[in-house]
Amino acid sequence: MSERPRVLLLAGLTLTALLPLAALLLAAFGMRWFFPSLLPEAWTAESWRDLGGGRLLTALVESIGLGLAVGVGATALAVPIGRALARAGGGLERLGAAAAFLPVAVPPIALAAGLQLALLRLGLGGTRTAVFLGHLVPATGYLSLYFLGVFRLLDPDYEATARTLGATPRQVLQRVLAPLLARPLREALALGFLISWAQVPLTLVLGGGRVRTLAVEVVAYVQAGQDRHAATAGLLLVIPAVLALAIARRSADRTTVVMT
Amino acid sequence: MNRHTGSWVAIGLLAVAPLVGLAWAIWAGAGGADGAFALATLGERLRRPAPWISLAWSTIAALVATALATMGAITIALAFRGTRAADRAARALATLPLPIPPIVVAAAAVLVLSQSGLLARLAATAGWISVPAEMPALLNVPHGTGLILALAWKELGFLSLLACTVVAGLDPELEATARTLGASARTARRRVLVPMIWRGIFPGVVAAFAFVLGSYELPALLGPTHPQPLAVAVLERARDADLAARGDAWAATLLLFAAAIAAVGWHEWSRSRA
């Protein structure tokens, strides 16, 4: 491709990346920002002061708590699932991959509507536990697919060799699998956290409006026309997501150290 | 427990929640939640046009957004496959939307694409418009242009990452051979590279389409009120004070489940061919 279209394409990409970020920053810190001004007349950090004890702080703590619990819970489920499916091989492995893709592909709103009745019958309607269980479903699906890939690449002979040399199952886990899986486990925890962190429909339906995460607050702020608070909560949502991607990329650069 | 038992338990664990959801949707859609279960009730609800119109609108929007994102991803992967700083910067910019939560994309789209948004302000600064009403409405309109653009941008992150990975793994000899056999640079790209990239990213394209078809956050904030995107219609009807409307929500939920199951089948089929 010649240089001119490449320059235009790069300019377009820069614009599409910068415009949303600039809009969020201007709305989060701007005051009296009337059309057609490109910049606000004054600046404020009023919405950020909510982080000292207001609605934003409560939502932030709720999101972090749920995200951590979902990351740990989904990873704990996905490791044995991914291992069992990878070791099964053949048609069973393909069926397992399709089963893992199902909770990922089913729209969260359909999943939430379906699970809501079941959780109401269990007396869990509108509780944090219901939201946690709801978030766990897509997170376990994603992470099972992830660990299916990890265990496909992991030679089962490592475990067999350690057992032949007299290692107990516990020692195999501690001395062989844990070091090999350290990086995938870190990435899985981050991915599970992010799936919960960004989740809206499952929280809205299963939380019944009582569980207020940061993502749910963004919906409420946008619908109420409170752009400054929506942008502030939006920026808060972006930070861990971008950090996790950066860490995953840095970690991927070191992959060969682990796998060879 | 032998290894096959473990695999079946794993499959059961993964499928249980979607299947419970599906079973409840069928039961409630057939009137079970109101104490009068009859499959005829479900059939009657499924014959109403509203959920089908919502499904058709959502499918078209998802198809257009996925097509735009796929074309963008392939173009970027081909144009910036080198190791220069500009190539690396372009690839990083293209994958930027990947980690951004959909609700933040929706909030940013409102701030950029609304009639008094950043784009309208830029147009006013350039002297193209003088009042917000002169800016074409892109959000909450039946043609769904703003929603489709936001969905395509969100998908571009994932698809460009896939396309760049596929291009990085292609044998450079393929293009060189095509050129040696007399193909122009453009023909070699169109007849050799693009089909190979397409084949590599196709399962990802299906997954992205399924994600967009069932997504809620962007259609809820950027989509039209009539026809309602399917995911939005499900939630609105499920919260309706009218019990009959709630029953319709279950019929719409079943359509979403059916679309997801079709997407899983399509995805597995495309993966087996890749």
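Below, read A as the first sequence line, B as the second, and so on, with proteins coming before strands; counting in each chain starts at 1.
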Would you find a donor on one side and an acceptor on the other, under 3.5 Å apart, between the side chain of Ser7(B) and the backbone of Ala84(A)? yes
May I ask you to name which of Pro99(B), Ala260(B), Gly214(B) has the most heavy-atom pairs under 4.5 Å with chain A? Pro99(B)
Contact part of Ala118(A) toward chain B, heavy-atom cut-off under 4.5 Å: side chain, backbone, both or neither? both
Of all of Leu156(B), Leu221(B), Val110(B), which one pairs up most often with chain A through heavy atoms under 4.5 Å apart? Leu221(B)
Give, as side chain, backbone, both or neither, the part of Leu256(B) having an atom under 4.5 angstrom from any heavy atom of chain A. both
Side chains of Val218(A) and Glu217(B), heavy atoms from C-beta outward: is any pair under 4.5 Å? no
Heavy-atom cut-off 4.5 Å, strictly under: side chain, backbone, both or neither for Arg94(A) against chain B? backbone
Which answer fits Val131(B), side chain, backbone, both or neither, if we ask what part of it has an atom under 4.5 Å from a heavy atom of chain A? backbone
Contacting region of Leu204(A) [heavy-atom separation from chain B under 4.5 Å]: both
Under a 4.5 Å heavy-atom cutoff, which of Ala90(B), Ala25(B), Ala210(B) has the most pairs with chain A? Ala90(B)
At a heavy-atom separation under 4.5 Å, does Ser130(B) approach chain A through its side chain, its backbone, both, or neither? backbone
With a 4.5 Å limit on heavy-atom distance, are the side chains of Phe35(A) and Ile129(B) in contact? yes
Decide yes or no for Val222(A) and Ile103(B): does some side-chain heavy atom of the first lie under 4.5 Å from some side-chain heavy atom of the second? no
Distance under 6.0 Å and angle within 45° of the ring axis: does Arg121(A) meet both against Trp24(B)? no
Most chain B-contacting option - heavy-atom pairs closer than 4.5 Å, from Pro20(A), Ala231(A), Ala86(A), Gly82(A): Pro20(A)
Measuring heavy-atom distances to chain B, does Val137(A) have an atom under 4.5 Å in its side chain, in its backbone, in both, or in neither? side chain
Is Val106(A) close to chain B through its backbone or its side chain, or both, or neither, when contacts mean heavy atoms under 4.5 Å? both
Examine distances only and state if a side-chain atom of Arg121(B) and a backbone atom of Phe34(A) form a donor-acceptor pair shorter than 3.5 Å. yes
Side chain proximity check, Leu14(B) to Ser144(A), heavy atoms < 4.5 angstrom: yes
Out of Asp87(B), Val232(B), Leu22(B), which one racks up the most heavy-atom pairs below 4.5 Å with chain A? Asp87(B)
At their closest point, which heavy atom of Ile11(B) faces which heavy atom of Leu85(A), and how far apart are they? CG1-CD2, 3.9 Å
Region of Ala259(B) in contact with chain A, defined by heavy-atom distances below 4.5 Å: neither
For Ala249(B), is it the side chain, the backbone, both or neither that has a heavy atom under 4.5 Å from a heavy atom of chain A? neither
So ring pair (Phe, Tyr, Trp, His ring centres under 6.0 Å) across residues 95-128 of chain B, not counting sequence neighbours, yields none
Chain A contact via Thr125(B) - which portion, at a heavy-atom distance below 4.5 Å: side chain
Is any side-chain heavy atom of Leu235(A) less than 4.5 Å from a side-chain heavy atom of Val104(B)? no
Tell me, for Leu119(B) versus chain A, whether the close heavy atoms (under 4.5 Å) come from the side chain, the backbone, both or neither. side chain
Against chain A, work out which of Val234(B), Leu235(B), Val20(B) has the most heavy-atom pairs shorter than 4.5 Å and name it. Leu235(B)
Non-hydrogen atoms of chain B under 4.5 Å away: do they reach the side chain of Leu194(A), the backbone, both or neither? neither
Which region of Ala23(B), side chain (C-beta onward) or backbone (N, CA, C, O), has a non-hydrogen atom less than 4.5 Å from a non-hydrogen atom of chain A, or is it both or neither? neither
Counting only heavy atoms closer than 4.5 Å, note whether Leu98(B) contacts chain A via side chain, backbone, both or neither. side chain
Below 4.5 Å from any heavy atom of chain A, which atoms of Ala17(B) appear? Answer side chain, backbone, both or neither. both
